[in-house]
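Have a look at the structure below before the remarks.
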Amino acid sequence: MYPLMGALAVLLGALLFALAGAAGKKSRGAALALRAAGVLLTIAGLTALFLLLTGRLTLPLSRG
């Protein structure tokens, strides 16, 4: 379940980053905010996936 949520964060971040170009036509501030949110979400998702899949992080629901 947790790797799926990490992958979803990566996909959502990439989608936000891709949609920033369309928002840039209307507002530069909105495009900048979407790019920043997309990059941060992608980095967070990749970090979570790395930590989960390498076993450096164990979460409460993974016991049992």
Side-chain angles (χ1 to χ4, degrees):
M1 179 73 167
Y2 291 116
L4 181 64
M5 291 179 0
L8 183 64
V10 171
L11 290 175
L12 185 60
L15 181 66
L16 284 174
F17 189 77
L19 292 178
K25 294 177 183 175
K26 294 182 182 181
S27 170
R28 280 183 65 96
L32 182 62
L34 282 176
R35 279 192 188 106
V39 167
L40 290 175
L41 195 56
T42 301
I43 290 172
L46 287 174
T47 303
L49 279 174
F50 173 75
L51 292 174
L52 286 169
L53 295 177
T54 59
R56 294 182 184 188
L57 178 70
T58 57
L59 298 172
L61 293 180
S62 63
R63 289 187 242 169

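Computed over heavy atoms, backbone and side chain alike; hydrogens, waters and symmetry mates excluded.
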What pairs of donor and acceptor atoms, side-chain ones from residues 16-28 against any protein atom, are under 3.5 angstrom apart with sequence neighbours left out?
{"unit_1": "S27", "atom_1": "OG", "unit_2": "G29", "atom_2": "N", "d": "3.4"}
{"unit_1": "S27", "atom_1": "OG", "unit_2": "A30", "atom_2": "N", "d": "3.3"}

Exercise. Between atom CG of L15 and atom CG of L8, what is the distance when rounded to the nearest 0.5 Å?
Worked result: 10.5 Å
When the side chains of residues 44-57 are checked against the rest of the protein, which donor-acceptor pairs come out under 3.5 Å, sequence neighbours left out?
{"unit_1": "T47", "atom_1": "OG1", "unit_2": "I43", "atom_2": "O", "d": "2.8"}
{"unit_1": "T54", "atom_1": "OG1", "unit_2": "F50", "atom_2": "O", "d": "2.7"}

